Amino acid sequence: MNKLLVILVVCLGLKGMSQSSYDNNGRIDNIGVNDFGNGMWVKSVSQKVDLKGSPYLYDSWFNNGKIYLSNRVLSIMSMNYNMQLERFEAKISEDSVFAIDPQGIKKVVIRDKEFIRRLDPEFQRNSYFQKIATINGKVLLEKHTVELKEGQINPMTMQKLQKDALIKKEVYYIANSKGEDLKSFKVKKRSILSLINKNKLDRVKTFAKQHKLKFKKAEDVKAIIEYSKTL
């Protein structure tokens with residue numbers, strides 16, 4: 001596929017947001033491969049019959065995502081997050097997927113969830129983290145990952161009794177207000193309440209109980225923290 005054709009395909013698959021008065025938003029007629037640095041075309045991942053689960057965060061590709069660059073915002077009509085390869089991908093057609101280079105990207109928003117790229121303290125490499133909530137100069141981050149769980153093998157025949165499976169896993173971190181200096185964080189009642197001012201704790205606990213919110217569920221934790229900021 002020559003360069004001109006690549007640019008044409010990307011232009012058709014990506015849709016810029018409407019222009020602002022400063023002309024900072026991407027337009028459908030000037031978006032090209034260079035907007036994503038060294039991004040590359042990859043083969044569309046088909047589900048293997050001998051593997052359960054998926055490396056993608058969302059079951060569907062029909063996600064309207066926005067990529068925030070330094071000088072404009074790009075809107076992508078079909079996007080997903082590959083947890084295994086730690087990258088966002090744009091699906092242009094059934095067999096055409098573009099892996100988006102994170103260079104120059106300030107943040108990604110997909111399904112009203114905001115992702116920023118920071119240094120993973122465990123693996124010492126840059127990766128995407130979802131912002132859950134901010135409170136008292138701290139930000140709670142969630143990293144979406146997958147682990148391969150091998151299926152059980154019959155020791156007599158050495159044949160698999162179960163399929164291998166990709167298991168989704170969430171890891172949490174607490175960071176400063178800029179999303180830097182990440183530290184491991186356990187999402188549980190005690191640790192969440194430690195982020196909230198003591199004079200608000202009784203009302204927060206009552207709110208969580210009345211609405212049957214769980215301190216181990218990211219969306220519920222966000223609701224709890226956002227409520228505490230209104231008190």
Side-chain angles (χ1 to χ4, degrees), residues 52-68 76 78-89 105-123 126-149 165-231:
K52 294 176 61 178
S54 167
Y56 290 105
L57 179 59
Y58 302 111
D59 295 334
S60 170
W61 281 83
F62 296 104
N63 307 308
N64 290 323
K66 294 182 176 63
I67 296 178
Y68 289 75
I76 300 179
S78 185
M79 190 166 71
N80 215 328
Y81 179 61
N82 190 320
M83 297 178 288
Q84 196 170 30
L85 299 178
E86 301 181 18
R87 69 190 185 195
F88 281 95
E89 297 175 359
I105 294 177
K106 296 174 63 176
K107 66 179 180 180
V108 177
V109 176
I110 182 172
R111 289 195 178 183
D112 297 323
K113 294 178 173 59
E114 180 180 338
F115 293 82
I116 58 175
R117 192 167 175 84
R118 293 295 186 268
L119 180 66
D120 187 321
E122 181 179 0
F123 298 104
N126 288 324
S127 185
Y128 282 104
F129 296 83
Q130 179 187 336
K131 292 180 70 173
I132 302 300
T134 58
I135 184 172
N136 295 330
K138 300 289 184 180
V139 56
L140 181 60
L141 301 173
E142 178 181 15
K143 183 180 180 182
H144 300 278
T145 65
V146 288
E147 291 183 350
L148 179 63
K149 181 180 179 181
L166 289 174
I167 307 299
K168 291 183 179 181
K169 180 182 177 182
E170 289 75 36
V171 184
Y172 296 91
Y173 295 90
I174 197 75
N176 60 26
S177 59
K178 295 182 180 180
E180 301 169 342
D181 191 25
L182 280 67
K183 293 180 173 59
S184 181
F185 187 83
K186 297 291 185 182
V187 175
K188 56 184 180 181
K189 185 175 182 178
R190 183 176 179 180
S191 58
I192 297 300
L193 293 178
S194 70
L195 301 174
I196 300 171
N197 295 340
K198 291 183 179 180
N199 63 331
K200 300 179 180 180
L201 290 180
D202 288 342
R203 284 173 289 177
V204 168
K205 291 177 184 177
T206 300
F207 173 79
K209 185 176 181 180
Q210 288 178 341
H211 292 84
K212 298 180 180 180
L213 300 177
K214 298 180 180 179
F215 287 88
K216 292 185 178 181
K217 187 176 179 180
E219 290 188 1
D220 288 0
V221 168
K222 181 177 181 178
I224 291 169
I225 291 178
E226 293 302 323
Y227 170 75
S228 74
K229 290 157 66 174
T230 67
L231 301 176

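Being a predicted model, the structure only gives us computed values, none of them experimental.
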Tell me every residue that passes side chain to side chain contact (heavy atoms under 4.5 Å, CB included) with [X], counting only those two or more places apart in sequence or in another chain.
X	result
Asn63	Tyr58, Asn80, Ile110, Arg111
Ala223	Leu213
Lys209	none
Glu226	Ala133, Lys222, Lys229

Q: Please report the shortest heavy-atom distance between Ala218 and Ile132, naming the atom on each side.
A: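 Result for this residue pair: O-CG2, 3.7 Å.
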Can you tell if the side chain of [X] reaches within under 4.5 Å of the side chain of [Y], non-hydrogen atoms only?
X	Y	value
Met79	Val108	yes
Ile174	Leu182	no
Lys214	Val221	no
Thr206	Val204	no
Ile105	Tyr128	yes
Pro55	Met83	no
Asn176	Val139	no

Roughly how far apart are [X] [atom1] and [Y] [atom2], rounded to 0.5 Å?
X	Y	atom1	atom2	result
Lys52	Leu166	NZ	CG	11.0 Å
Leu140	Thr134	CG	OG1	10.0 Å
Ser54	Asn82	OG	CG	8.0 Å
Ile192	Asp220	CD1	CG	11.0 Å
Leu57	His144	CG	NE2	5.0 Å
Ile116	Leu141	CD1	CG	5.0 Å

Mind checking side-chain hydrogen bond (donor to acceptor under 3.5 Å, both in side chains) for [X] and listing every partner two or more places apart, or none if nothing turns up?
X	answer
Glu147	Lys169
Lys106	none
Ser228	none

Q. Applying side-chain hydrogen bond (donor to acceptor under 3.5 Å, both in side chains), which residue pairs with at least one partner in residues 191-204 are found, sequence neighbours left out?
A. Asn136-Asn197
Q. Going by the side-chain hydrogen bond (donor to acceptor under 3.5 Å, both in side chains) test, which pairs reach into residues 113-122, not counting sequence neighbours?
A. Asp120-Lys143
(Q) According to ring-ring contact (aromatic ring centres under 6.0 Å, His included), who are the partners of Phe207, at least two apart in sequence or on a separate chain? (A)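 With neighbours one apart ignored, the set is His211, Tyr227.
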**Q.** All ring-ring contact (aromatic ring centres under 6.0 Å, His included) counterparts of Phe129, not counting sequence neighbours
**A.**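 Only Tyr173 meet the ring-ring contact (aromatic ring centres under 6.0 Å, His included) criterion with Phe129.
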Q: Kindly determine whether Tyr81 and Tyr56 satisfy ring pair (Phe, Tyr, Trp, His ring centres under 6.0 Å), including the steps that lead there.
A: CA-CA 6 Å; Tyr81 179 61; Tyr56 290 105; 9.0 Å; no
Q. Got more than 12 heavy atoms from elsewhere within 6.0 Å of CD, Glu180?
A. yes
Q: Kindly check if the number of other-residue, nucleotide or ligand heavy atoms within 6.0 Å of NZ (Lys168) is above 12?
A: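 Buried by this count: over 12 neighbours within 6.0 Å.
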Q) Going through the distances and angles, do Phe88 and Ile76 end up as a side chain to side chain contact (heavy atoms under 4.5 Å, CB included)? A) CA-CA 11 Å; Phe88 281 95; Ile76 300 179; over 6 Å; no
Q) Pairs in or reaching into residues 182-191: which pass salt bridge (charged side-chain N to carboxylate O under 4.0 Å, His left out), with residues at least two apart or in two chains? A)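 Pairs touching residues 182-191 that pass the test: Asp181-Lys183.
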Q) Got a donor-acceptor contact below 3.5 angstrom from the Ser78 side chain to the Trp61 backbone? A) yes
